[in-house]
Every structure is written in structure tokens, then in C-alpha cells.
Amino acid sequence: MAGLRLAAVAAGVPCRSWAWAAVSFGPHRGFSALLARKSERAPRWLPSHCSKVCRQKTSLSFLNRPDLPNLAYKKLKGKSPGVIFIPGYRSDMNGTKALAIEEFCKSLGHAYIRFDYSGVGHSDGILEECTVGKWRKDVLSIIDDLADGPQILVGSSLGGWLMLHAAIARPEKVVALLGVSTAADDLVTRFNQLSVEAKKEVEMKGEWVIPSKYSEEGVYHIQYSFIKEAEHHCLLHSPVPVSCPVRLLHGMKDDIVPWHTSMQVADRVISSDVDVILRKNSDHRMKEKADIQLIVYTIDDLIDKLTTSA
């Protein structure tokens, strides 16, 4: 498996009320055993649905960048390693996962940053002019100009693709990755699966209309130029030079990004410390209470691992 060793498979092993399967790559402590232990003791934090009060914990700030759109962000000061949430396609910093992780980081006293991509939410820029490359620069700006010390990146969907790029570009600062429904190369892969006729139609019209239950319109209008630019940022065609710990969570009922994508990422990254956790009944967004609990437990484990080995 491209230099990775299948160390343990806990397919279908129940963890109290959770339905999940764990696949571990590399010689390190079993993640399924960790979750079983955590579920048996009183957790340090339990997820709740964030209200407006949760949003008021940190004030809105802007990162000013010469010749680039200003980025809106919220920063919580605290201990290292810090945590940075990287949202999905067209998602902003106020999603359920972003707010819940902030609540969790505050409970532990760890630093945390959430932000809006250029062209999204409160950030400057025009969405239709944005590309994967420009959003990659946004992530690097957040890491370079706002984050202090080592960082755990939590990438959701498209954010999972961008977290891999950030880990490659900033290996000295990115010390662990947590992907949620990781969409590495996904848009390009889906486009390439279209028929020749369908591809030509998209090229002629200049946009690709994709049905989506997550859009108010019921569809996403994706520029053909966006797809072509994204091709330059594909990673899964060769080994991915990421050597830090990697955790990948994916719902098996994800109808946007197949869970097999997370398995591909696990196979391609060169790190020997990789876990894939599959939730049988979770969808793409993974924002139900049990999903959030799994996410924060995973962050908790990474913090424990990094601070213990430091």
C-alpha cells in the first residue's frame, strides 16, 4: 500500500452507541481502543448545539493583505498546539463544526482560529473569481500571519484538500491533520468521470451545473475555469509528502465525496501514522452530535499525542 502497513482493522466494532469502523495505517496505538476508553470515562467536553452566545466568544477581525482580499477571521488565544478550522466549498466560519470546535478548544484552553475564504462570508473578494489556488493562499496566509507555534489543521470537505497542501507547504508549522469528508481532487475527479459529450457541453457553456441539496438554489454553478485551475492542485496521482499524524473521518452515506477518497488519501500520504474512521450512517456534513463528538475526541487525541511526545 505505497509504503503503508495495515496495522489494525476494527470494521464494525461498536463503540457504545456509535456505528463506526476504524482502519489504522502504521505502527502506533490503536485508535479504536482509544475511542473505547474515552467513551467509558467522563469526557472533558460534550458537544452541544451552538447558539448566538457561542458566536460571541471571539470578535470578528480582518487580516489585511497587500494585493489580496482581506480575510475575516476569529481567533481564540491559548495553549499550543493551536487548531485551525478550514471550511468546505463556499462554507463560512460559522458552521456547526467550526463553532463546536471553538467551544471545545476554549474548554481546554487551546488556541483556535476559524476564518472565511476570500469571496465567502465576511471576507473581501468576488466568489466567481476564486480558485483552489487562491483559497490555498488564504490558508497559508492564516498560518503564516495569524497562527503562533505548531498547528493542528481540521479540514472539512474542500478544506481537507487544502489542509494537505498546507502541510506540504508548511511542514515546520503543521504538526497534525484531521480531515472530515476529505475532498482531495474530488471536483476534478468527478468532472473527469463525465462523458466526452458532457465535458464539451460544460466547456462550451463555461460552467458546470451540479445538483446539490446543500445549496439554497438546489444546484452549484461551477465555472469551467475553476475546474481547469483545480487540475493544477491535484495530489492523489503520486505519493503525498505529508509526514505528520493524519486522521481521516468520513461518513459512509456521503453522497458528495465517496468515503473511498479518504482511503486513497491514507494510501498516498507518506506518513506512517494514519487512521481512517468510517461512520456507517453519517452523511457528507458530519454535523450530528455523535459526529461532532468523534471530531473533538480525535482532536483531543492528537493534542494528547503531540504534547506527550514533545
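Throughout, numbering of the chain's residues begins at 1 and tracks the sequence.
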Would you say His250 and Thr182 are linked by a side-chain donor-acceptor pair, where the criterion is simply a distance under 3.5 Å?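 Short answer, no.
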Establish, from distance only, whether the side-chain atoms of Thr298 and Arg247 form a donor-acceptor pair under 3.5 Å.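 Their side chains do not contain a donor-acceptor pair, so the 3.5 Å distance test is not met.
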Between Tyr89 and Ile222, is the side chain to side chain contact (heavy atoms under 4.5 Å, CB included) condition met? List the steps. CA-CA 11 Å; Tyr89 180 70; Ile222 301 175; 3.6 Å; yes
Spell out, as yes or no, whether a donor-acceptor pair under 3.5 Å connects the side chain of [X] to the backbone of [Y].
X	Y	answer
Ser271	Val274	no
Lys199	Asn192	yes
Glu288	Arg285	no
Lys213	Gly218	no
Thr307	Asp304	yes
Trp208	His221	no
Lys280	Gly251	no
Gln223	Glu128	no
Arg114	Met93	yes
Lys77	His110	no

Do [X] and [Y] have side-chain heavy atoms sitting under 4.5 Å apart?
X	Y	result
Arg190	Ile210	yes
Asn70	Ser123	no
His165	Val139	no
Ile84	Ile152	no
Pro87	Ser156	no
Lys253	Asn281	yes
His284	Val257	yes
Asp186	Pro258	yes

Check this for me: does any side-chain nitrogen of one of [X] and [Y] sit under 4.0 Å from a carboxylate oxygen of the other?
X	Y	result
Lys200	Glu197	no
Arg268	Asp185	no
Glu201	Lys205	yes
Asp291	Lys97	no
Arg65	Asp138	yes

Which pair of heavy atoms, one from [X] and one from [Y], lies closest together, and at what distance?
X	Y	value
Tyr220	Ser212	CE1-OG, 3.4 Å
Ile270	Pro239	CG2-CB, 4.2 Å
Val132	Ala230	CG2-CB, 3.8 Å
Val175	Pro81	CG2-CB, 4.4 Å
Ser282	Met286	CB-CG, 4.1 Å
Val174	Leu177	CG1-CD2, 3.6 Å

Starting from the C-alpha separation in whole Å, work towards a yes-or-no answer on salt bridge (charged side-chain N to carboxylate O under 4.0 Å, His left out) for Glu231 and Lys228. CA-CA 5 Å; Glu231 290 178 350; Lys228 299 306 291 182; 3.2 Å; yes
Distance from [X] atom [atom1] to [Y] atom [atom2], nearest 0.5 Å?
X	Y	atom1	atom2	answer
Leu249	Trp259	CG	CH2	14.5 Å
Cys130	Glu229	SG	CD	10.5 Å
Glu129	Thr131	CD	OG1	10.5 Å
Leu63	Lys75	CG	NZ	10.5 Å
Leu278	Leu248	CG	CG	9.5 Å
Thr261	Leu236	OG1	CG	7.5 Å

Begin with the C-alpha distance, continue with both residues' side-chain angles, and end with the deciding distance and a verdict on salt bridge (charged side-chain N to carboxylate O under 4.0 Å, His left out) for Lys173 and Asp144. CA-CA 9 Å; Lys173 205 161 184 179; Asp144 294 341; 5.6 Å; no
How about [atom1] on [X], more than 12 heavy atoms from neighbouring residues, nucleotides or ligands closer than 6.0 Å, or not?
X	atom1	answer
Lys137	NZ	no
Glu172	CD	yes
His233	NE2	yes

Test side chain to side chain contact (heavy atoms under 4.5 Å, CB included) on Val154 and Val83; report intermediate values, then the result. CA-CA 7 Å; Val154 181; Val83 179; 3.8 Å; yes
When the ring centroid of Phe104 is compared with that of Tyr112, is the distance short of 6.0 Å?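 No, ring centres 6.0 Å or more apart.
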Report whether [X] and [Y] are members of the same hydrophobic cluster (ILVMFWY, side-chain heavy atoms less than 4.5 Å apart, transitive linking).
X	Y	value
Leu127	Leu71	yes
Leu194	Val188	yes
Leu68	Phe62	no

Intermediate values then yes/no, side chain to side chain contact (heavy atoms under 4.5 Å, CB included), Leu162 and Tyr117: CA-CA 11 Å; Leu162 295 175; Tyr117 296 120; 3.4 Å; yes
Evaluation steps, side chain to side chain contact (heavy atoms under 4.5 Å, CB included), between Glu207 and Val202: CA-CA 5 Å; Glu207 71 171 13; Val202 171; over 6 Å; no
